[in-house]
Amino acid sequence: MSLEHGLGAGLWKPGPGVRGAVRSVLDLMLPPRALDGEGRAMAAGLSAESWTRIHFLDGPVCDGCGAPFEYDHGEGVRCAACMARPRAFSRARAACLYDETSRDPILKLKHADRLDLAPMFARWLSRAAHGLLEEADAIAPVPLHPMRLLRRRSNQAAEIARPLAGLRGVIYLADALVRRRATETQAGRSGSGRRRNVAAAFAVPPARARQVAGRNILLVDDVMTTGATAEGCARALLAAGAARVDVAVIARVHERDSGAI
């Protein structure tokens, strides 16, 4: 039961200041636990110890794929890989690197039904992809195949994209994209192998084409490795008439890393 119902629906609804005061009292009486299980949180989210270990990508990054640069090359500069092989999507941004610290909460969301982590990740993306969100007309999640969705019971990309759209007041396109064939896992595959695995796997249903046409779409996923999945989705959106496709992910794998996702 909500706080408003508890105080009498239709009689009086507390304003933000009252709700904040009540929440502060409850936090004092029942201190929030960190979502990563490492004791008390400084605020709703991870413990202070985990915060210090996560490698947030606040520094200079490639304007194309979002890979971190060792030093600032200037605005709009792209890495050698993006220069050598232009991608289907325009730009990508990640909130952090995918490593031993960020891996655990991401996998909990993805495989352990920890949907309570999704709003935290949405806030991370709201900050990391601020520039992309400013130009986005709509947000769409990377889809799961229906059989995989049945096994997992939720699509982690959708669970992040939905609150992100709400935070930024951007249109949320829940089913603008579909995965029309069940692809094998991308873990352990080379870049070319990943691209072959998802080739022609994504499509915009004809009934949804009008939602996409002429719009700048921000595609949301959990982790980017080579960008093959994002490119497959971007090609499908562009084929349906999207003006541009950008990408926002919780984490990206560093080129030197190859951990299973």
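Atom set for the values below is all heavy atoms of this structure, side chains included, hydrogens, waters and symmetry mates excluded.
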**OP:** Taking all non-hydrogen atoms of both residues into account, name the closest pair between Ser154 and Leu115 and its distance.
**Re:** OG-CD2, 3.5 Å
Original post:
Out of curiosity, does Leu109 fall in the hydrophobic cluster containing Ile54 (side-chain heavy atoms, cut-off under 4.5 Å, transitive links)?
Top reply: yes
Original post:
Got Leu219 and Phe89 here, is their nearest side-chain heavy-atom distance under 4.5 Å?
Top reply: no
**OP:** Please report the C-alpha distance between Glu231 and Arg85 in whole Å, then the side-chain angles of each, then the deciding distance to 0.1 Å, and finally whether the salt bridge (charged side-chain N to carboxylate O under 4.0 Å, His left out) criterion is met.
**Re:** CA-CA 12 Å; Glu231 286 200 73; Arg85 183 180 176 276; 2.9 Å; yes
**OP:** Kindly determine whether Asp63 and Arg93 satisfy side chain to side chain contact (heavy atoms under 4.5 Å, CB included), including the steps that lead there.
**Re:** CA-CA 8 Å; Asp63 189 55; Arg93 294 294 182 269; 2.9 Å; yes
**OP:** Decide yes or no for Pro143 and Phe202: does some side-chain heavy atom of the first lie under 4.5 Å from some side-chain heavy atom of the second?
**Re:** yes
Original post:
Considering all heavy atoms of both residues, which atom of Pro163 and which atom of Ala118 are nearest to each other, and what is their separation?
Top reply: CG-O, 4.4 Å
Original post:
Are Arg103 and Tyr98 close enough that some pair of their side-chain heavy atoms sits under 4.5 Å apart?
Top reply: yes
Original post:
What closest approach, in Å, do Met224 and Ala230 show between heavy atoms, and which atom pair accounts for it?
Top reply: CE-CB, 4.2 Å
**OP:** Measure the spacing between CE of Met147 and CG of Leu150 and express it to the nearest 0.5 Å.
**Re:** 5.5 Å
Original post:
Below 4.5 Å, heavy atoms only, C-beta onward: do Cys65 and Arg87 meet side chain to side chain?
Top reply: yes
**OP:** Apply salt bridge (charged side-chain N to carboxylate O under 4.0 Å, His left out) to the pair Asp99 and Arg53, showing each step before the final yes or no.
**Re:** CA-CA 10 Å; Asp99 56 23; Arg53 295 199 307 264; over 6 Å; no
Subject >> same_hphob_cluster(Val178, Leu173) at 4.5 Å side-chain heavy-atom cutoff >> reply: no
Subject >> Approximate separation, where rounding is to 0.5 Å, of Ile250 CD1 and Ile106 CD1 >> reply: 5.0 Å
Original post:
Would you call Ile139 and Ile171 a side-chain contact if the rule is heavy atoms closer than 4.5 Å?
Top reply: no
Original post:
Among the clusters formed by ILVMFWY side chains lying less than 4.5 Å apart, do Phe121 and Phe56 turn up in the same one?
Top reply: yes
Original post:
Going by heavy atoms in the side chains, are Leu164 and Trp124 under 4.5 Å from each other?
Top reply: no
Original post:
Can you name the nearest heavy-atom pair linking Leu57 to Arg252, along with the distance?
Top reply: CD1-CG, 3.9 Å
Original post:
Would you say the side-chain atoms of Asp246 pair up with the backbone N or O of Asn216, donor to acceptor, closer than 3.5 Å?
Top reply: no
Original post:
Ser102 side chain to Leu97 main-chain N or O, any donor-acceptor pair under 3.5 Å?
Top reply: yes
Subject >> Option passing side-chain contact (heavy atoms from CB on, under 4.5 Å) with Val220 (candidates Val142, Val249, Val247, Leu125) >> reply: Leu125
Original post:
For the side chain of Arg127 and the backbone of Arg123, is there at least one donor-acceptor N/O pair under 3.5 Å apart?
Top reply: no
Original post:
Roughly how far apart are Gln156 CD and Leu117 CG, rounded to 0.5 Å?
Top reply: 12.0 Å
Original post:
Atom SG in Cys62, atom CZ in Phe69: separation rounded to 0.5 Å?
Top reply: 4.5 Å
**OP:** Return the set of residues passing salt bridge (Lys or Arg N to Asp or Glu O under 4.0 Å) with Arg151 (not counting sequence neighbours), or none when no residue passes.
**Re:** none
Original post:
Roughly how far apart are Leu238 CG and Ile217 CD1, rounded to 0.5 Å?
Top reply: 9.5 Å
**OP:** Mind listing the closest non-hydrogen atom pair of Val245 and Ala234 along with its distance?
**Re:** CG1-CB, 3.9 Å
Original post:
Which residue pairs pass the salt bridge (charged side-chain N to carboxylate O under 4.0 Å, His left out) test with at least one member in residues 131-147, sequence neighbours excluded?
Top reply: Arg91-Glu135, Glu134-Arg168, Glu135-Arg244
Subject >> Nearest-0.5 Å distance that lies between atom CG in Leu144 and atom CG in Leu177 >> reply: 12.0 Å
Original post:
Looking at Val61 and Pro68, what are the two nearest heavy atoms and their distance?
Top reply: CG1-CA, 4.0 Å
Give every donor-acceptor pair under 3.5 Å between a side-chain atom in residues 74-81 and any protein atom, sequence neighbours left out.
{"unit_1": "Arg78", "atom_1": "NH1", "unit_2": "Ser90", "atom_2": "O", "d": "3.3"}
{"unit_1": "Arg78", "atom_1": "NH2", "unit_2": "Ser90", "atom_2": "O", "d": "3.0"}

Original post:
Around Arg152, counting heavy atoms of other residues, nucleotides and ligands shown, do more than 12 lie under 6.0 Å from its CZ?
Top reply: yes
Original post:
Same cluster for Leu107 and Met120 if Ile/Leu/Val/Met/Phe/Trp/Tyr side chains link at under 4.5 Å?
Top reply: yes
